[in-house]
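Each remark here refers to the structure printed beneath this line.
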Amino acid sequence: MKYYDKLIFELSKEGRMGYSLPRPKDNLDTCDSIPANLRRSEAPLLPQVSEVDVVRHYTNLSQMNFGVDTGFYPLGSCTMKYNPKINEEIASMPQFAGIHPLQKNLPGIEAVYQGLDSALAAITGMKHFTFKPCAGAHGELTGLMIIREYHMSRGDMKRTRIIVPDSAHGTNPASAAVCGLEIVQVKSNANGLVDVEDLKPLLDDTIAGIMMTNPNTLGLFEKDIREIAQLVHECGGLLYYDGANMNPLIGTVRPGDMGFDVMHLNLHKSFSTPHGGGGPGSGPVGVCEKLVPFFKVNVSGFNGNFGVMLRAYAYILMLGRENVKMCGRLATLGANYIKESLKDCYKLPLAQVCKHEFVFDGLVNDGAREGVAGATTLDVAKRLLDYGFHAPTIYFPLLFHQAIMIEPTETESKETLDQFIEVMRTIAQEAAQDPDLLHTAPHNTPISRPDETAAARNPILKIWDECAC
């Protein structure tokens, strides 16, 4: 075992410490002022280590993680993984970082909210935004609650069904179910788009609306969106826009102009704020003019993560009206460049021009032959780790059995994309010649290939105590 592979408790030695605090001048026991019922009966279980051991331990742990600052991160359906450092500087300013949530009405804070509201409204074609939702799924729930409130205000109580495409993000049906709506699935056609003919029979006076992502989860623009909007509106329903894939449309096409009535934006996806690790997030909801009165739905006592909103606003101001449109165009260019460069090695089920992301369906030649299992999508993802790249999204969307969803985003250089393409081609060659090499990957990471199914079914969750001193 390497020195830096040890747990910090294993480095612990009796009596070792990394600090020395002077005793109070009055020489009183500092615990005397703490009520007896709040004191520990035993000393806390802490390792006894020097300062240098602590620093090395956590530095080495940080180097075992993968992050956007360490390498290319082509995870699909996530978008905008770059966090400009100027955003962090602005969010760290004491004038912002030191604000208490109860100081939400300070003029400077209000100015940020108003400015961001105006900018997002201009970008999306919505009338106004509410910033209470703390994440994308929270925004979905808020938008659906607004839709329900709108129908109930009109006495239209039987509109309790929501249409969700079969290619949708999993949060769409989940949010609808939490909102008490019945999910009705509409199928995709052979081109990977919403099947308008399958949609028409679903539309009646029980439909509250339809949830859509455009471009959809396959990275394809729903070219029939105007017809879909007309059909849904004619039956009395509303259109909900899942803003998770807004990235390629920024500055080019607006959901409001497509006919959407309500939407959420993932500020942590489309506008350069920290993304991953479970948060923080922000999912502001925008509505058309007739739905503004229904912002009263109570989803939070406060506005959401102010630091995330501040970063997003800084990013929009930094780009300006003339440059924000380049985000989507560069993201689209990068995705199509990778797709066209690899389609001879990986199966491309839908060959049309994509937007910011696209989906392969496994390898053209996986090396399968008698007595030898072929390389799978999971094998490709694991092998990528050996080459220093984060794996793309795999086995999603569910429309394809061996799905590999790749999304380069607008911030990666051509040199990085070329390197990724070269590695993906190398892996395809390895799969054809020696699939066992992929079956056992990764080989160069801190841990080798774990049994992920066993880990999920039988997690080991306990406090480390065997080496505690």
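Just so it is clear, the values below take in all heavy atoms, side chains as well, and ignore hydrogens, waters and symmetry mates. For reference, positions follow the sequence shown, starting with 1.
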Step by step, work out the side chain to side chain donor-acceptor pair (under 3.5 Å) result for Asp366 and Thr376. CA-CA 7 Å; Asp366 63 9; Thr376 65; over 6 Å; no
Going by distance alone, is a donor N or O of one side chain under 3.5 Å from an acceptor N or O of the other, for Thr416 and Ser413? yes
Pairs of donor and acceptor atoms involving the side chains of residues 427-438, under 3.5 Å and at least two apart or interchain, shall be tabulated with distances.
unit_1 : atom_1 : unit_2 : atom_2 : d
Glu430 : OE1    : Arg383 : NE     : 2.9
Glu430 : OE2    : Arg383 : NH2    : 3.1
Glu430 : OE2    : Tyr387 : OH     : 2.6

If we only count heavy atoms from C-beta on, is the Pro74 to Pro408 side-chain gap below 4.5 Å? no
Measure from the side-chain N and O atoms of Ser92 to the backbone N and O of Glu89, and report whether any donor-acceptor pair falls under 3.5 Å. no
Under 3.5 Å, is there a donor-acceptor pair between the side chain of Tyr395 and the main chain of Leu378? yes
Are Asn336 and Cys354 close enough, and set up right, to give a side chain to side chain contact (heavy atoms under 4.5 Å, CB included), and what steps lead you there? CA-CA 6 Å; Asn336 281 279; Cys354 65; 3.5 Å; yes
Would you sort out whether Glu452 and Arg457 count as a salt bridge (charged side-chain N to carboxylate O under 4.0 Å, His left out), showing the intermediate values? CA-CA 9 Å; Glu452 296 173 347; Arg457 292 178 177 174; over 6 Å; no
Check whether more than 12 heavy atoms from other residues, nucleotides or ligands sit under 6.0 Å from atom CD of Glu51, and answer yes or no. no
When you check the side-chain N and O atoms of His264 and Tyr240, is any donor under 3.5 Å from an acceptor? yes
Between Tyr337 and Ile421, is a side chain to side chain contact (heavy atoms under 4.5 Å, CB included) present by the stated rule, with each step listed? CA-CA 9 Å; Tyr337 178 58; Ile421 290 167; 3.7 Å; yes
With a 3.5 Å distance limit and no angle check, can you tell me whether Asn60 reaches the backbone of Arg56 through a side-chain donor-acceptor pair? yes
Between the NZ atom in Lys187 and the OG atom in Ser167, the distance rounded to the nearest 0.5 Å is 13.5 Å
Nearest-0.5 Å distance that lies between atom CD1 in Ile404 and atom NZ in Lys347: 10.0 Å
Closest non-hydrogen contact found for Asn247 with Ala331 is OD1-CB, 3.5 Å
Please work out whether the ring planes of Phe129 and Phe131 are parallel, tilted or perpendicular, with thresholds of 30° and 60°. parallel
Atom pairs and distances, donor-acceptor, side-chain atoms in residues 174-186, under 3.5 Å, two or more places apart:
unit_1 : atom_1 : unit_2 : atom_2 : d
Ser175 : OG     : Glu140 : OE1    : 2.8
Ser175 : OG     : Thr171 : O      : 2.9

Report the relative orientation of the aromatic rings in Tyr73 and Phe66; use parallel for angles under 30°, tilted for 30 to 60°, perpendicular for over 60°. parallel
Residues Asp242 and His169: side-chain donor-acceptor under 3.5 angstrom: yes
Side-chain (Asn191) to main-chain (Leu193) donor-acceptor, under 3.5 angstrom: no
N/O donor-acceptor pair under 3.5 Å between Asp386 side chain and Asn444 backbone: yes
Rounded at 0.5 Å granularity, tell me how far OG in Ser448 sits from NZ in Lys382. 10.0 Å
Please confirm whether the backbone N or O of Gly283 pairs with a side-chain atom of His138, one donor and one acceptor, at under 3.5 Å? no
I'd like to know if the side chain of Asp224 reaches the main chain of Glu227, judged simply by a donor and an acceptor atom lying under 3.5 Å from each other, with no hydrogens or angles considered. no
Hey, does the side chain of Tyr241 reach the backbone of Asn214 with a donor-acceptor pair shorter than 3.5 angstrom? yes
Heavy-atom closest pair, residues Asn305 and Cys134: ND2-O, 3.5 Å
Identify, with sequence neighbours excluded, every residue that meets salt bridge (Lys or Arg N to Asp or Glu O under 4.0 Å) alongside Asp69. Lys85
His57 (side chain) donor-acceptor with Asp53 (main chain) under 3.5 angstrom: no
Are more than 12 heavy atoms, taken from residues, nucleotides or ligands other than Leu317, located less than 6.0 Å from that residue's CG atom? yes
What distance do Leu265 atom CG and Met246 atom CE have between them, rounded to the nearest 0.5 Å? 6.5 Å
Taking all non-hydrogen atoms of both residues, which atom of Leu46 and which atom of Phe9 are closest, and how far apart? C-CE2, 4.1 Å
With the side chain counted from C-beta on, respond yes when Asn87 and Tyr313 share a heavy-atom pair under 4.5 Å apart, and no when they do not. no
For Asn245 and Thr217, test the side chains for any donor-to-acceptor distance below 3.5 angstrom and give the result as yes or no. no
Short N-O contact, Arg449 and Asp379, less than 4.0 angstrom: yes
Does some side-chain heavy atom of Met405 sit less than 4.5 Å from a side-chain heavy atom of Phe396? yes
Supply the atom-to-atom distance Ile210 CD1 to Leu238 CG, rounded to the nearest 0.5 angstrom. 11.5 Å
Donor-acceptor pair, side chain of Asp361 and main chain of Gln402, under 3.5 angstrom: yes
Does one side chain, of Arg254 or Thr124, offer a donor that lies under 3.5 Å from an acceptor on the other? no
Might you point out which heavy atoms bring Ala351 and Leu348 nearest each other, and give the distance in Å? CA-CD2, 3.9 Å
Just checking, is any N or O donor in the side chain of Gln419 or Glu415 under 3.5 Å from an acceptor N or O on the other one? no
Side chains of Pro215 and His356, heavy atoms from C-beta outward: is any pair under 4.5 Å? yes
Give me the atom names and distance for the closest heavy-atom approach of Glu410 to Tyr315. OE2-OH, 3.9 Å
Least distance between heavy atoms, Met211 atom then Pro165 atom: O-CD, 2.9 Å
Quick one about Asn216 and Thr213 (side-chain donor to acceptor, distance below 3.5 Å, no hydrogens or angles considered), yes or no? no
Going through the distances and angles, do Arg161 and Thr206 end up as a side chain to side chain donor-acceptor pair (under 3.5 Å)? CA-CA 6 Å; Arg161 304 168 76 218; Thr206 67; 3.1 Å; yes
Are side-chain heavy atoms of Tyr82 and Thr409 found at a separation under 4.5 Å? no
For the atom pair CZ (Phe96) and CD1 (Ile90), what is the distance rounded to the nearest 0.5 Å? 7.5 Å
